[in-house]
Participant: 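Can you read through this structure? Questions will come right after.
Whatever order the structure lists ligands and atoms in, that order sets their numbers, starting from 1.
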Amino acid sequence: MEVIGGTAAFIYYLHLYTDILKPKVTSRLSPESYTPFKLISVTQDTADTSIFRFEIKRPRFDNEQEKLVDKIVSQGAWAVNVKDHLVQTFRTYTPIAYKMGTEVDEQTGARSGYVDLVVKRYPSGSLSRFIHGTRVGDQIEMRGPILTWPYQPGSHGRIYMIAGGTGIAPMLQIIERIINDPMDNTKISLLYGSPTEETIILRPHIEKLRAEHGDRLQVSYLVDRGLAKNSDNVQLGIPDRSAIEKFTDEFDKSASDIVLVCGPDQMMHAVCGTRPVGSPQQGPLQGILKDLGFTSASVFKF
Ligand SMILES: Cc1cc2nc3c(=O)[nH]c(=O)nc-3n(C[C@H](O)[C@H](O)[C@H](O)COP(=O)(O)OP(=O)(O)OC[C@H]3O[C@@H](n4cnc5c(N)ncnc54)[C@H](O)[C@@H]3O)c2cc1C
């Protein structure tokens, strides 16, 4: 036992203080295999949530790998799998912002970009604690992009988004995609539930987008407790039947409007039913949205 314990401690020491066990950083996305990425910055957002920026590198000229990455990213919302190389487990995260490094930097001649992951730290969480323990300059293995929701501009008149906690991540990615595309006139309504105002993730950023694109982006927050008095778009409550009925009262099936839902299991269960674990299937539509007369065709569960 002592020999095993000593060996484990030695490997842990090697990992922490040397680069011997770490794969060489390539920072090149690959949907087919895990590749190491360098962490270039960490920005704390709420008490337990931070934004982790990883460097993306691109070879001087596109090859098949880059073409495949671009193709997947162009098809809609996407995520990455992040691996803990020590215990070989992975979890999925949705980049809230990214720059794929398609353009050549005039000063360096290199092509580089970044991918931003917003990660909430769970006290007993395996991967979220691993990511939060990573230091700037260190590396982490990722695989992707993985297409999570196919999207084509113009395919929906309005997108209704119901999010809870880190469920804001895919919504933000889609909001940015639509707002930054001058050819895309899709309208968006976001209903974002959070325990308190302090735990609303990336609120200043969401509010900036709302201020700049108020004609196309409506945002309302629901908080369980601790309502501040001076917010025009925050209300006390949870995404229950009356809140969702009011939120979707202008839903127009003939304009191909759609409802996207992403949040903790408890919220998914109540709003639309959870997705089958480890399956690409959506599972049957249940909960409040079903009771309100929605069908699977106009609801997508992340
Ligand atoms: C498509 C997809 C995209 C995702 N995008 C993001 C993202 O952008 N940012 C992000 O932070 N997470 C995201 N997640 C969730 C993420 O993949 C992990 O499940 C999460 O980080 C917890 O992993 P863990 O290993 O730390 O916790 P685990 O070791 O798996 O769980 C340990 C404990 O943590 C708690 N816990 C874990 N997950 C949750 C949860 N979702 N809600 C409440 N309690 C929980 C539970 O108490 C659990 O018992 C996404 C998931 C999917 C499927």
Side-chain angles (χ1 to χ4, degrees), residues 29 31 34 37 39 41-54 56 72-73 75-98 114-134 140-151 161-177 190 192-196 199-203 205-206 224 238-239 260-283 299-302:
L29 272 172
Y34 282 95
F37 287 76
L39 178 64
S41 70
V42 181
T43 311
Q44 185 165 5
D45 187 61
T46 69
D48 54 13
T49 305
S50 295
I51 319 299
F52 296 84
R53 175 165 288 187
F54 294 93
I56 285 189
I72 297 171
V73 167
Q75 288 170 342
W78 59 282
V80 291
N81 285 337
V82 177
K83 187 167 82 169
D84 176 346
H85 59 265
L86 286 178
V87 289
Q88 298 292 317
T89 52
F90 76 88
R91 299 283 184 274
T92 310
Y93 296 91
T94 311
I96 50 162
Y98 54 88
Y114 60 82
V115 62
D116 285 350
L117 304 184
V118 60
V119 182
K120 177 175 175 179
R121 185 182 188 281
Y122 295 98
S124 56
S126 162
L127 240 298
S128 61
R129 281 192 307 151
F130 173 75
I131 296 174
H132 276 258
T134 307
I140 241 173
E141 285 183 81
M142 261 186 239
R143 184 168 66 88
I146 301 153
L147 187 68
T148 51
W149 181 59
Y151 173 73
M161 302 176 163
I162 304 174
T166 54
I168 192 65
M171 307 308 185
L172 258 180
Q173 192 195 93
I174 295 161
I175 291 171
E176 299 268 0
R177 173 185 289 257
L190 169 68
Y192 184 15
S194 187
T196 67
T199 57
I200 295 175
I201 296 168
L202 288 161
R203 186 174 180 188
H205 181 61
I206 298 170
D224 300 358
I238 57 166
L260 309 181
V261 195
C262 188
D265 271 3
Q266 211 183 347
M267 187 196 106
M268 297 300 286
H269 184 75
V271 174
C272 55
T274 52
R275 280 181 69 157
V277 179
S279 159
Q281 304 297 322
Q282 286 277 294
V299 176
F300 184 84
K301 313 173 191 178
F302 276 95

Participant: Given a heavy-atom cut-off of 4.0 Å, could you list the residues near ligand 1 in chain and number order?
Facilitator: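 Answer by chain and number: R91, T92, Y93, T94, V118, V119, K120, Y122, S124, G125, S126, L127, S128, T166, A169.
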Participant: Between Y114 (side chain) and A97 (backbone), is there a donor-acceptor pair under 3.5 Å?
Facilitator: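 Such a contact is absent between Y114 side chain and A97 backbone.
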Participant: Checking the side chain of S128 only, and the main-chain atoms of Y122 only, is there a donor and an acceptor separated by less than 3.5 Å?
Facilitator: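 Yes, because the side chain of S128 sits within donor-acceptor range (under 3.5 Å) of the backbone of Y122.
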Participant: Among side-chain atoms of T46 and T199, is any donor-acceptor pair under 3.5 angstrom?
Facilitator: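 No, no side-chain donor-acceptor pair sits under 3.5 Å.
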Participant: Do F52 and H132 have their ring centres less than 6.0 Å from each other?
Facilitator: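 Under 6.0 Å, so yes.
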Participant: Enumerate, atom names and distances included, each donor-acceptor pair closer than 3.5 Å involving a side-chain atom of residues 75-83, sequence neighbours excluded.
Facilitator:
residue : atom : partner : partner atom : Å
N81     : OD1  : T92     : OG1          : 3.0
K83     : NZ   : Q88     : OE1          : 3.3

Participant: Considering only heavy atoms from C-beta outward, does the side chain of L172 approach that of L202 to under 4.5 Å?
Facilitator: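 A side-chain contact exists here, since the closest heavy-atom pair is under 4.5 Å.
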